[in-house]
Amino acid sequence: MRVVLLGAPGAGKGTQCKRIVDRYGVSHLSSGDILRRNRSEGTELGNKAKSYMDAGALVPDDLVVAMMVEAIKEVSDKGFVLDGFPRTVNQAEELDKTLAENGESIDLVLNLQIDDQIVMQRMTGRRSCPKCGAVYHIENLKPKVDGICDKDGTELIQRPDDKPEVVENRLQTYHRQTEPVVDYYRRDNRVYDVDAGKSVDRTSEEIYGKLDALVST
Ligand SMILES: [Zn+2]
């Protein structure tokens with residue numbers, strides 16, 4: 001199973017990824033984790049990436065692809081789900097090219113679809129406890145007393161990441177960058193659209209249905 005998981009921020013990508021890994025025993029390859037690991041282990045690729053990041057620049061596509069391909073090679077017989085990668089059409093093309101050299105390809109792209117409005121509601125409604133890290137929601141998961149943590153009585157805060165202008169910004173970046181990637185995979189019918197606007201469990205069910213069929217073929 002060689003799967004890419006795409007979806008807007010707030011679509012529940014992290015949770016679904018974890019569930020896929022648990023159910024099918026595939027490896028979770030997150031571009032963020034892999035970049036951090038390469039940097040901390042001081043690999044050649046990691047050091048190159050570091051020099052860009054230290055200069056405040058984006059890590060170039062070829063470097064990101066090289067790191068991901070290396071990670072894929074380590075797990076290739078087990079299968080994998082890619083998370084946070086490919087982020088651009090160029091990365092998707094490079095990935096296809098490199099996999100094809102080994103006679104491999106991406107089997108399926110799961111595209112978690114969700115309205116921006118629902119994402120805004122989900123994310124900007126979150127309130128967190130700065131002391132214990134508990135997360136609440138002003139509509140869906142209210143604390144017993146408004147604005148106060150159930151566990152330790154600490155006043156809840158809205159994390160900077162959950163502020164409306166920040167969420168709005170991330171959504172725009174997503175639409176601009178990642179939607180062309182979805183369109184790229186759509187061209188040869190590799191995309192399976194999943195409605196991520198319902199409950200987390202309903203979304204999982206839909207994903208399992210598709211992946212179970214993939215595994216059994
Ligand atoms: Zn607390």
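Because only heavy atoms are used, hydrogens play no part in the values below, and waters and symmetry mates are left out as well, while side chains stay in. We count ligands from 1, going down the list as the structure has it; atoms in each ligand are counted the same way.
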Assess whether a salt bridge exists between D83 and K18, defined as any Lys/Arg side-chain N lying under 4.0 Å from an Asp/Glu carboxylate O.
no

Going by side chain to side chain donor-acceptor pair (under 3.5 Å), name the residues that satisfy it together with R37, two or more places apart in sequence or in a different chain.
none

Sphere of radius 2.8 Å around the Zn ion (ligand 1) - protein N, O or S atoms inside
C129 SG, C132 SG, C149 SG, D152 OD1, D152 OD2

Near K131 NZ, under 6.0 Å, is it more than 12 heavy atoms from other residues, nucleotides or ligands?
no

So does Q117 have more than 12 non-hydrogen atoms from other groups sitting under 6.0 Å from CD?
no

Across all chains, not counting sequence neighbours, the side-chain contact (heavy atoms from CB on, under 4.5 Å) partners of Q91 are D61, V64, V65, F85, P86, R87, T88

Check residues 139-147 and write down every donor-acceptor pair under 3.5 Å in which the side-chain atom is one partner and the other belongs to a residue at least two apart or another chain.
none

